[in-house]
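Here is the structure we will look at, set down as structure tokens.
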Amino acid sequence: QVQLVESGGRLVQAGGSLRLSCEASGRSFDSYAMGWFRQAPGKEREFLATISWSGRSTNYADSVKGRFTVSRDNAKNTVYLQMNSLRPEDTAVYYCAASRALALTVVSSMYAYWGQGTQVTVSS
């Protein structure tokens with residue numbers, strides 16, 4: 001079992017940057033692929049990025065490719081989401097999630113463990 005806690009969300013101006021963190025507790029963090037998702041009010045949860053257990057493979061949604069970067073530090077049991085060039089439409093609750101799937105996946109149902117989310121608000 002893995003417990004996930006996100007942090008780093010806040011109010012930021014358009015064009016600004018934020019780095020979200022997701023700290024995991026429990027065993028075998030480095031055996032999980034990790035993903036980032038977000039959900040805006042009235043919208044479905046949206047895949048953003050995923051990273052393999054080793055950190056060597058990543059995948060991004062087209063909407064954030066080139067602006068967001070996912071990384072992990074297995075020694076700290078933490079995964080990060082660096083977000084640059086933020087836009088008002090990036091406003092949402094951001095979630096990290098852990099998956100035991102063998103391949104990187106964008107499908108939220110393949111992620112067994114989820115954090116509680118952190119709010120990111122981008123003002124215009």
Side-chain angles (χ1 to χ4, degrees):
Q1 184 122 5
V2 176
Q3 292 81 41
L4 304 172
V5 178
E6 302 95 336
S7 62
R10 63 175 175 87
L11 174 65
V12 63
Q13 287 190 333
S17 297
L18 278 179
R19 188 176 79 158
L20 304 183
S21 300
C22 172
E23 185 170 357
S25 59
R27 295 184 177 181
S28 303
F29 171 74
D30 58 3
S31 68
Y32 289 88
M34 299 298 295
W36 284 97
F37 294 77
R38 68 186 178 191
Q39 188 165 19
K43 295 188 177 182
E44 293 187 353
R45 189 166 294 187
E46 176 190 11
F47 164 78
L48 300 176
T50 184
I51 186 167
S52 64
W53 66 269
S54 66
R56 286 195 289 265
S57 298
T58 57
N59 189 23
Y60 295 90
D62 288 343
S63 59
V64 304
K65 198 173 294 183
R67 297 191 300 128
F68 291 10
T69 302
V70 60
S71 62
R72 67 190 295 162
D73 184 340
N74 287 343
K76 295 182 178 180
N77 280 9
T78 302
V79 62
Y80 304 97
L81 186 68
Q82 176 67 42
M83 305 187 295
N84 299 327
S85 302
L86 284 163
R87 306 165 180 167
E89 54 264 40
D90 293 319
T91 295
V93 177
Y94 283 67
Y95 299 90
C96 68
S99 170
R100 276 277 179 89
L102 294 178
L104 294 183
T105 178
V106 307
V107 179
S108 61
S109 61
M110 296 298 291
Y111 290 82
Y113 304 105
W114 292 80
Q116 83 290 347
T118 186
Q119 176 71 46
V120 172
T121 303
V122 184
S123 64
S124 57

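Everything numeric in this text was worked out from a predicted model, so none of it was measured.
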For this session: List the steps, then state whether side chain to side chain contact (heavy atoms under 4.5 Å, CB included) holds for M34 with Y32.
Result: CA-CA 6 Å; M34 299 298 295; Y32 289 88; 4.2 Å; yes
Is a donor from one side chain sitting under 3.5 angstrom from an acceptor on the other, for [X] and [Y]?
{"X": "N84", "Y": "S17", "result": "yes"}
{"X": "T78", "Y": "E23", "result": "no"}
{"X": "T50", "Y": "Y60", "result": "no"}
{"X": "S124", "Y": "Q13", "result": "no"}

Exercise: identify the closest heavy-atom pair between [X] and [Y]:
{"X": "G9", "Y": "T118", "answer": "N-OG1, 3.1 Å"}
{"X": "R38", "Y": "A92", "answer": "CB-CB, 3.9 Å"}
{"X": "V122", "Y": "T91", "answer": "N-OG1, 2.9 Å"}
{"X": "G26", "Y": "N77", "answer": "O-ND2, 4.1 Å"}

Exercise. Below 4.5 Å, heavy atoms only, C-beta onward: do S63 and E89 meet side chain to side chain?
Worked result: no
Answer with yes or no whether the hydrophobic clustering places [X] together with [Y]; edges join I, L, V, M, F, W, Y residues whose side-chain heavy atoms lie under 4.5 Å apart.
{"X": "V106", "Y": "M110", "result": "yes"}
{"X": "L81", "Y": "V12", "result": "yes"}
{"X": "Y113", "Y": "L48", "result": "yes"}
{"X": "V70", "Y": "Y80", "result": "no"}
{"X": "V79", "Y": "M83", "result": "yes"}

Exercise. Should we say atom CH2 of W53 is surrounded by more than 12 heavy atoms from elsewhere, each under 6.0 Å from it?
Worked result: no
Problem set entry | K76, NZ atom: more than 12 neighbouring heavy atoms under 6.0 Å |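 Counting neighbours around NZ of K76, 12 or fewer heavy atoms of other residues, nucleotides or ligands fall under 6.0 Å, so no.
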For the atom pair [atom1] ([X]) and [atom2] ([Y]), what is the distance rounded to the nearest 0.5 Å?
{"X": "Q82", "Y": "L20", "atom1": "CD", "atom2": "CG", "result": "9.0 Å"}
{"X": "L86", "Y": "T121", "atom1": "CG", "atom2": "OG1", "result": "11.0 Å"}
{"X": "S7", "Y": "R19", "atom1": "OG", "atom2": "CZ", "result": "9.0 Å"}
{"X": "Q1", "Y": "S28", "atom1": "CD", "atom2": "OG", "result": "12.5 Å"}

Has [X] got a side-chain atom pairing as donor or acceptor with [Y]'s backbone, closer than 3.5 angstrom?
{"X": "R56", "Y": "I51", "answer": "no"}
{"X": "E6", "Y": "C22", "answer": "no"}
{"X": "S52", "Y": "S57", "answer": "yes"}

Problem set entry | Ring-face cation contact, F29 with R72, 6.0 Å cut, 45° max | yes
For this session: With R45 as the cation and Y95 as the aromatic partner, state whether NZ or CZ is under 6.0 Å from the six-membered ring centre and within 45° of the axis.
Result: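 Yes, R45 sits over the ring of Y95.
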Exercise. Hey, mind stepping through R10 and L18 against side chain to side chain contact (heavy atoms under 4.5 Å, CB included) and telling me if it holds?
Worked result: CA-CA 8 Å; R10 63 175 175 87; L18 278 179; 3.3 Å; yes
Problem set entry | Any residue meeting side-chain contact (heavy atoms from CB on, under 4.5 Å) with R67, in chain and number order, not counting sequence neighbours |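 Once residues adjacent in sequence are excluded, the partners of R67 under the side-chain contact (heavy atoms from CB on, under 4.5 Å) criterion are V64, S85, R87, D90.
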Exercise. Taking the six-membered ring for Trp, are Y111 and F37 parallel (under 30°), tilted (30 to 60°) or perpendicular (over 60°)?
Worked result: perpendicular
For this session: If the plane angle is over 60° it's perpendicular, under 30° parallel, otherwise tilted; pick one for Y94 and F68.
Result: tilted
